[in-house]
Amino acid sequence: MKIADIRFLVVEDHEFQREALVRMLADLGARHIFEAVDGSAALESLRTRTIDIIISDLDMPGMDGMEFIRHIGEAGVPASLILSSVHDRSLIASVGTMARAYGINLLGEIRKPVTAQKLAALIGLHQPPATPPPKPENMSFSEADISTALAAWQFEPFFQPLIDVASGSLQGAEALARWCHPERGIVDPYAFVPALEANRRIDDLTWIILEKAAAACRDWRAGGLDMAVSVNLSLRSLINVGFADRVTELVRAQGLEPKHMTLEVTETTAMTDMARVLENLARLRIKGFGLSIDDYGTGYSSLQQLSRIPFTELKVDQSFVMSALEKDSCRVILESSLDIARKLGLKAVAEGVEKRADWELLKNLGCDVAQGYFIARPMESAKIAEWAAAWAAPA
Ligand code: C2E
Ligand code: CA
């Protein structure tokens, strides 16, 4: 969209700053600029006209920026938002997170003074609102649908490469479950994993994925790729004390060794049978499986788990990796997670590597393994060999 066609609303109580912003926008080529002195005036303005980009201060007498954001978020105003404030970056960033949580398309935050360069960069990110894709939670499946799908083995793992950051070599792939639905096509796990957990059928999915992931890993290795496979495990599956022996048999039946498989665990609910879970985890570790603490830094994936479970790998949650370059707090969490991994002798893995700059940051920070869209999206097992042959690590 050309800047001359974009309609701006500048929400700023400080007259001098408001005028300066308006001038800056006009110098950048803007032709439609409206002004408001606080949140209430801005809401009034939005009632009478369509706005594409709102540039708002946080601190204002009357209705402040936070309340204004809540109102536009709840009303579903389709405008994009740029925040500007004199406050420190972590505070502005947390209001940014709040705006996103209200469903607002946040273009970014500027710590004052606003410059034409920063403003132009954020305006360049604006895109007219598209029709939003249906949210995964809108897809609901009955218990009967899921039972049929489990019985027919309609679940398939897709695989996302795991790359050794220092050497750039392929060292494994994570199995991510997909439901190959006869009518709806490929369905992502957010639409069925929670339902399987709730119906206590997650174990059935786990065994299907373990079986197919082990078979895929066998094929890759037979084709000359020296790589391992990672599988997501619900802690619920570990309540059964026979789990470790059964998964060892499954792996060996494919001619693999336990060291070729890593089990990624996230604690999503408070566990009551922790003793049995720990028994299984200790046994898996003794047998030689890799054990990864998944989504590290979120929910229950915490320091307490690190001290009681014999992990071999720490997987930093993608939310910190993706935002490390924009948010100081995420970068600090990423750096300290890598530091903890190093001090505990764990392999550090970063997921959610979306851009070249994320990859470079991880390289500089000495992270061991990276995974993310910058490297590859999850793919079918049969595509891995072709992908690996074409893969060239970024310089
Ligand atoms: P997870 O284990 O944290 O897996 C990483 C998710 O991030 C995957 O989503 C992956 O496709 C996505 N991802 C990878 N790289 C990027 C990136 O650069 N940017 C962004 N934005 N996302 C990226 P997916 O496949 O939709 O899986 C979602 C979650 O479902 C997984 O999160 C995992 O917790 C769960 N899940 C998947 N397969 C299984 C399974 O077989 N069993 C169980 N219990 N849970 C599973
Ligand atoms: Ca995972």
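Note that ligands are numbered from 1 as they come in the structure, with each ligand's atoms numbered from 1 the same way. For the single chain, residues carry numbers from 1 onward in sequence order. Not measured: the values here are computed from a predicted model.
With a 4.0 Å heavy-atom cut-off, ligand 1 is reached by no atom of Q371. By the criterion of a heavy-atom distance under 4.0 Å, the side chain of I209, and not its backbone, is placed next to ligand 1. Only the side chain of Q160 comes within 4.0 Å of ligand 1, judged by heavy-atom distances. Residue contacts with ligand 1 for A177 involve both N, CA, C or O and side-chain atoms from C-beta outward (heavy atoms, distance under 4.0 Å).
Using a 4.0 Å heavy-atom cutoff, M322 is listed among the residues neighbouring ligand 1. Proximity of K315 to ligand 1 is not established, as no heavy-atom distance is less than 4.0 Å. Residue T206 places no heavy atom under 4.0 Å from ligand 1.
Ring geometry, F16 versus H14: the interplanar angle exceeds 60°, so the pair is classed perpendicular (tilted spans 30 to 60°). Between F159 and W220, the angle of the ring planes goes over 60°, which puts this pair in the perpendicular group of the 30/60° scheme.
Here K315 does not pair with D295 in a salt bridge; the nearest charged N to carboxylate O distance is not below 4.0 Å. Between E249 and R252, no side-chain nitrogen of the basic residue sits less than 4.0 Å from a carboxylate oxygen of the acidic one, so the salt-bridge criterion is not met. A salt bridge links E35 to R18: one of the charged nitrogens lies within less than 4.0 Å of a carboxylate oxygen. Between K355 and D358 there is a salt bridge, with a side-chain nitrogen of the basic residue lying less than 4.0 Å from a carboxylate oxygen of the acidic one. Salt bridge absent: E257 and K287 never bring a charged side-chain N and a carboxylate O closer than 4.0 Å. With respect to the salt-bridge test (charged N to carboxylate O, under 4.0 angstrom), the residues E326 and R89 do not qualify. A salt bridge does not link D27 with R23: every distance from a Lys NZ or Arg NE/NH1/NH2 to an Asp or Glu carboxylate oxygen is 4.0 Å or more. Between E44 and R47 a salt bridge is recorded (basic side-chain N to carboxylate O distance below 4.0 Å).
Under the rule for a salt bridge (charged side-chain N to carboxylate O under 4.0 Å, His left out), D38 has no partner lying at least two apart in sequence or in another chain.
Of the candidates D295, D188, I202, the one placing a heavy atom closest to atom 44 (N) of ligand 1 is I202. In the candidate list Y373, F374, F158, Y373 is nearest to atom 17 (C) of ligand 1, counting heavy atoms.
Protein heavy atom in closest approach to atom 19 (N) of ligand 1: E354 OE2, 2.6 Å. For atom 10 (C) of ligand 1, the nearest non-hydrogen atom of the protein is L176 CD1, 3.8 Å. Ranking protein heavy atoms by distance to atom 36 (N) of ligand 1, first place goes to P189 CB, 4.1 Å. Atom 46 (C) of ligand 1 has N232 CB, 3.8 Å as its closest protein atom, hydrogens excluded (heavy atom only).
Using a cut-off of 3.0 Å, one finds that S292 contributes no N/O/S atom close to the Ca ion (ligand 2). Distance check for E351 against the Ca ion (ligand 2): none of its N/O/S atoms falls below 3.0 Å. At a cut-off of 3.0 Å, D294 coordinates the Ca ion (ligand 2) through an N, O or S atom.
The distance criterion of under 3.5 Å between nitrogen or oxygen atoms is met by Q318 with respect to ligand 1.
Interatomic distance, CZ of F320 versus CD1 of I333, reported as 4.5 Å (0.5 Å rounding).
Among heteroatoms of the N, O or S kind in E264, OE1 lies nearest the Ca ion (ligand 2). Minimum-distance N/O/S atom of E174 relative to the Ca ion (ligand 2): OE2.
Interface atoms of ligand 1 facing Y190, defined by a heavy-atom separation under 4.0 Å, are 26 (O), 28 (C). Listed by number with element, the atoms of ligand 1 under 4.0 angstrom from any heavy atom of R178 are 11 (O), 24 (P), 25 (O). Close approach to P378 involves these atoms of ligand 1, each under 4.0 Å from a residue heavy atom: 11 (O). Near V353, with a cut-off below 4.0 Å to any heavy atom, the atoms of ligand 1 are 18 (O). Listed by number with element, the atoms of ligand 1 under 4.0 angstrom from any heavy atom of E351 are 3 (O), 5 (C).
The nearest protein heavy atom to atom 32 (O) of ligand 1 is not closer than 4.0 Å.
Seen from the ring of Y102, R70 does not count as a face-on cation partner, given the 6.0 Å and 45° thresholds. Taking the ring centre of W207 as origin, the terminal cationic atom of R246 falls inside the region bounded by 6.0 Å and 45° from the ring axis.
The two residues P378 and R178 come nearest to each other via the heavy atoms CG-NH2, 3.6 Å.
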